[in-house]
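As structure tokens, the structure follows; a few thoughts come after it.
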Amino acid sequence: MKNKLNLIILIVISLNFVEGTPLFSEKGYIKGIVYSKETGKPLAGTSIRIEKTAFGAIANKKGEFIIRSVKSGNYTLLASLIGYKQLRTEITVLANDTIHLNLYLEEQVIRTEDIIVSASKRVQSVQEVPVSIANISTEELISRNITKLDEVLGYVPGVSMSGDHISIRGSSGFAFGIGSRVILLLDGFPLLSGDVGDIKFDALPIFDISRVEIIKGAGSSLYGTNALGGVINIITKEATEQGSFKARLFSGIYTKPSYKQWVYSDKLHTNTGIELGYSKKFSRLSINSSVYYIEDQSYRKYNDSKRFNFYTKLRYDFASTFNAGLSASISTNNRADWVYWHSLDSATFPSSGTDLSNRALSDKYMLFADAMKIFDNNNFLSLKSGIYTTIFKNTYPTNHSDYRQSDAIAFNNELQYNSKLFKDILLTSGINYTYHEVSSKTYGNRNQYLFSVFEQAEYQPLMPLIITAGFRLDYEKTQIAKSNFEFSPKIGAIYKLDSNNSIRFSSGRGFRAASIAERFASVDFQGFKVIENPNLKSEVSWNFEIGGNSSIDLNSIKIYTDLTFFFTRLSYLIEPTFSTNSYYIKFDNITDSRIFGLELNIKGYVDKLFGFETSVTGIDPRNLYDNRTLKYRHNVLWYNKIFIPYNCLELQLEYRFMSKVERIDEELKLQVRDYDARVPIHIVDTRLIFKGKEFNFPLDLVINAKNLLNYYYTYMVGNLGMTRYVGFQIEGSF
Amino acid sequence: MKKLFLFMLILLVSCDEGLNPGTNRNIATRAFLTGNIYFVDGKEGWPPTDSVFAVRVVAFKNYPPTDIINEILSGNAFFTFNSLPLFVDSAFFSIEIKDTPVELKYIVVAQQYSDTITAQRAIGVYTETGDKTRPSSIKLFPGDSIFIKIEVDFSNLPPQPF
């Protein structure tokens with residue numbers, strides 16, 4: 001079936017991928033230069049797109065761009081660059097003619113007008129999307145000295161991390177490292193492991209990230225399984241003609257803990273890394289490549305790691321209406337196999353009996369190809385196909401009782417067609433085929449596949465009103481288990497009261513098919529036997545939100561406010577259950593719950609003085625079986641940031657608060673000493689940034705302190721959060 | 001804006017350092033139950049090695065208890081987290097009791113006989129009379145540290161309550 005499907009896809013694609021196919025002949029060109037309105041300097045890297053089409057370009061070093069083969073007609077041109085206001089320009093393209101444009105972008109200190117591709121699988125403005133969105137820019141990643149993507153997600157309003165588990169507005173708790181209720185994509189390609197269904201954050205490049213888009217709420221109508229609580233899409237950078245070579249070097253120390261019981265070594269431990277990146281567009285060929293090596297000695301004994309990642313993306317423009325790309329990455333991680341602390345008295349030491357010579361070794365390989373064919377301004381076809389392999393083992397002999405090993409392949413194919421129906425309805429249609437194959441000592445030799453079709457329509461009946469509606473149908477079949485059908489509809493609307501105020505509404509369904517690990521785990525885990533449960537049902541969520549935002553511009557003071565009320569109903573949640581009679585652990589569909597919540601986000605900037613951001617998310621997560629609060633949830637998340645720019649310097653101060661987790665699994669009492677040691681979380685980070693590149697100096701410098709006040713907390717049971725880290729970072733572009 | 005700054009400043013100054021090594025201990029209410037376990041027939045009296053995975057002391061508030069795991073999970077039993085030394089003549093133990101005053105009505109030595117933590121059997125019981133069918137109880141008050149002795153005879157096990 002896999003081969004047949006691939007053949008059909010290839011035939012369909014190849015029919016029209018020939019240069020010069022005269023699907024339309026009345027073509028025009030758009031040429032132009034983008035400048036800063038304030039300084040008059042050209043703005044390299046500006047994205048210029050024709051709205052509601054797949055046509056676009058990136059401005060080169062001189063700010064120049066060209067868009068070829070545009071059918072004659074009237075269009076809206078959208079120019080966007082981080083740090084600048086979006087510019088919309090109405091244009092008329094004539095056949096065999098070239099339009100020359102000079103575009104002037106105005107600086108914007110509060111980012112509210114980013115572009116996004118994840119909400120509808122096509123480029124659109126955030127202001128046209130009826131769901132809650134968060135965007136993280138590459139500047140935020142680099143200035144925070146982020147070395148793994150999960151480190152930055154904790155700064156996003158409404159998002160919290162419990163180990164490697166992402167929880168968006170309380171969608172997820174701690175699930176023993178298995179399953180993810182948020183789907184992670186790299187340029188739209190899913191990166192969840194085939195066995196455990198989790199996110200491997202150490203497999204992701206950092207240098208090549210342009211931005212990270214986060215959709216809060218169910219996204220299964222477009223993305224299928226795992227998009228139960230939200231979608232995270234990492235968008236990589238596009239190469240420009242001037243090219244760039246970038247290097248980043250960072251190093252820092254974990255300061256000694258305040259309590260002598262927690263000092264496990266006389267020397268200070270470091271986190272050091274180097275990252276190199278190169279990108280350039282050569283005529284039709286674009287190349288992006290980056291490589292990093294990071295050695296983290298950690299703030300805890302037996303928690304060190306050595307990580308390597310290589311990422312490359314090649315893109316070739318066969319014609320102005322046809323391009324294709326190939327992305328690949330290789331990641332390795334050699335880390336200590338830390339699980340829990342010894343006790344609160346010895347919070348930086350591993351649990352007693354831990355074999356300090358054992359290492360956890362993992363490799364991840366990603367190979368992903370995509371192609372896009374533009375038929376005309378409203379019709380384009382795209383294909384994504386790729387494979388993601390995860391290999392894990394520890395260093396025990398294969399006949400040792402604690403030997404663990406799992407190799408998994410996730411194969412994903414998607415064919416998407418964007419078109420226009422009548423005058424105002426934009427359609428996004430597609431089919432998807434996903435196949436997982438696992439060879440594991442723990443889970444056996446298993447496979448799972450999902451076949452899906454999806455359709456989404458966007459309709460603009462009135463100028464200020466945009467309505468979206470869609471659905472996705474998924475068929476899931478796992479070896480020897482019952483098959484599942486999932487129907488995931490969604491509807492949303494956004495109404496712009498004026499250019500500064502809008503209200504939105506959305507509702508949709510999400511689901512997560514049980515992973516192979518949850519169905520077939522058969523292992524002795526710290527004294528408990530875990531047994532199989534192949535016929536698990538999918539987890540389901542129904543999500544509803546209503547919100548609005550407003551921008552106020554009082555000359556030198558600019559304030560942006562967004563308020564959202566959300567409600568989520570979660571059913572058939574899969575959790576490990578402890579049997580009282582038969583003495584085993586089994587993953588089962590047990591929890592039925594609901595989450596009410598409110599999220600307020602305010603950003604402000606006082607011209608040339610300072611800027612700030614504050615956001616509060618309050619949730620009431622309740623298990624409907626026992627009317628108690630859900631386990632492992634923070635009921636209040638509060639994020640604050642103040643930044644003070646002064647010439648080439650900027651001082652940033654961030655404070656994050658997470659209320660104390662009210663409930664955890666009491667069964668952990670048997671495995672973890674002081675399992676119930678937990679407190680509200682207060683984390684202060686600060687950094688001083690020297691922005692040399694903005695002043696023709698080739699280097700940016702950052703001095704940063706994470707957890708400045710050295711506040712001690714647990715981020716999950718038996719795990720002390722990171723103690724104070726002080727470091728520096730040098731980044732240069734050449 | 002100034003109010004926000006001020007509020008954050010107050011919050012930051014007022015918040016303590018969070019967890020510390022003593023966070024989970026309420027010194028005012030804690031006590032210790034300590035003791036020695038004597039194995040009759042010494043090292044030679046132990047069962048085969050493939051049936052001894054761990055030996056722990058468990059002190060129950062209730063007698064008879066339902067089972068070890070549920071009593072621990074519901075907060076009605078205290079236990080030595082790690083196994084005592086195996087295949088020895090005698091072993092020392094110490095259990096921190098956090099919520100005193102408390103009466104411990106049944107104190108046993110439990111053997112885990114397979115790799116499943118729930119596979120437990122009683123191999124010794126605390127009794128002041130020497131009659132293994134009549135366990136003795138102990139009352140602990142804040143600050144107490146009581147030392148007891150328990151005898152384990154693998155050839156003459158006490159009644160199995162679990």
Side-chain angles (χ1 to χ4, degrees), chain A residues 257-262 343-347 351-353 401 524-529 557 578-584 602 604 606 610 612 614 638 640 642 653 655 657 665-684 708-714 720-721, chain B residues 1-26 30 50 53-54 56 58 66-86 94-96 98-99 110 112-121 162:
Chain A
S258 308
Y259 306 107
K260 66 177 188 302
Q261 297 96 319
W262 292 354
S343 62
L344 181 57
D345 267 351
S346 303
S351 56
S352 53
S401 60
D524 288 333
F525 177 70
Q526 302 202 352
F528 286 92
K529 280 196 183 304
I557 301 173
F578 289 76
S579 158
T580 51
N581 298 323
S582 304
Y583 306 132
Y584 54 76
I602 303 171
V606 180
F610 67 91
F612 69 92
T614 184
W638 186 31
N640 299 276
I642 295 169
L653 182 69
Y655 167 64
F657 168 79
D665 283 301
E666 292 297 317
E667 288 82 357
L668 290 168
K669 180 188 289 187
L670 300 169
Q671 298 166 21
V672 187
R673 281 177 189 265
D674 301 313
Y675 75 107
D676 57 345
R678 57 189 193 277
V679 289
I681 297 174
H682 305 268
I683 304 173
V684 175
L708 178 71
L709 301 185
N710 219 7
Y711 183 82
Y712 299 120
Y713 61 95
T714 48
L720 190 72
Chain B
M1 192 61 222
K2 283 180 182 172
K3 285 179 182 174
L4 180 68
F5 268 124
L6 194 63
F7 183 66
M8 283 177 63
L9 195 66
I10 291 169
L11 197 86
L12 294 179
V13 171
S14 62
C15 73
D16 59 19
E17 290 186 315
L19 290 172
N20 63 64
T23 304
N24 258 26
R25 290 196 198 122
N26 189 339
R30 72 173 171 163
D50 62 358
F53 285 75
R56 296 182 179 86
V58 187
T66 52
D67 68 73
I68 288 181
I69 304 303
N70 275 325
E71 293 286 1
I72 290 173
L73 293 180
S74 56
N76 291 321
F78 306 93
F79 65 111
T80 50
F81 195 86
N82 293 328
S83 174
L84 304 183
L86 306 178
S94 175
I95 304 175
E96 184 180 338
K98 290 175 183 168
D99 50 348
Q112 184 182 326
Y113 54 86
S114 84
D115 57 358
T116 305
I117 199 167
T118 49
Q120 304 279 352
R121 67 173 182 169
F162 316 123

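Side chains are part of it too, since the values below use all heavy atoms of this structure and drop only hydrogens, waters and symmetry mates. Convention: sequence-line order gives letters A, B, ...; per-chain numbering from 1.
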Give, as side chain, backbone, both or neither, the part of B:F53 having an atom under 4.5 angstrom from any heavy atom of chain A.
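The answer is neither part of B:F53.
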Using non-hydrogen atoms only, which part of [X] is less than 4.5 Å away from chain B: side chain, backbone, both, or neither?
X: A:S343; answer: neither
X: A:Q261; answer: side chain
X: A:Y259; answer: side chain

Please report the closest heavy-atom contact between A:R673 and B:N82, naming both atoms and the distance.
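Heavy atoms of A:R673 and B:N82 come nearest at NH2-ND2, 3.1 Å.
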Atom of A:R678, atom of B:L19 and distance for their closest heavy-atom approach:
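Heavy atoms only, the tightest pair is N-CD2, 4.1 Å.
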Euclidean distance, A:K669 NZ relative to B:I69 CD1, rounded to 0.5 Å:
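Output value for this atom pair is 11.0 Å.
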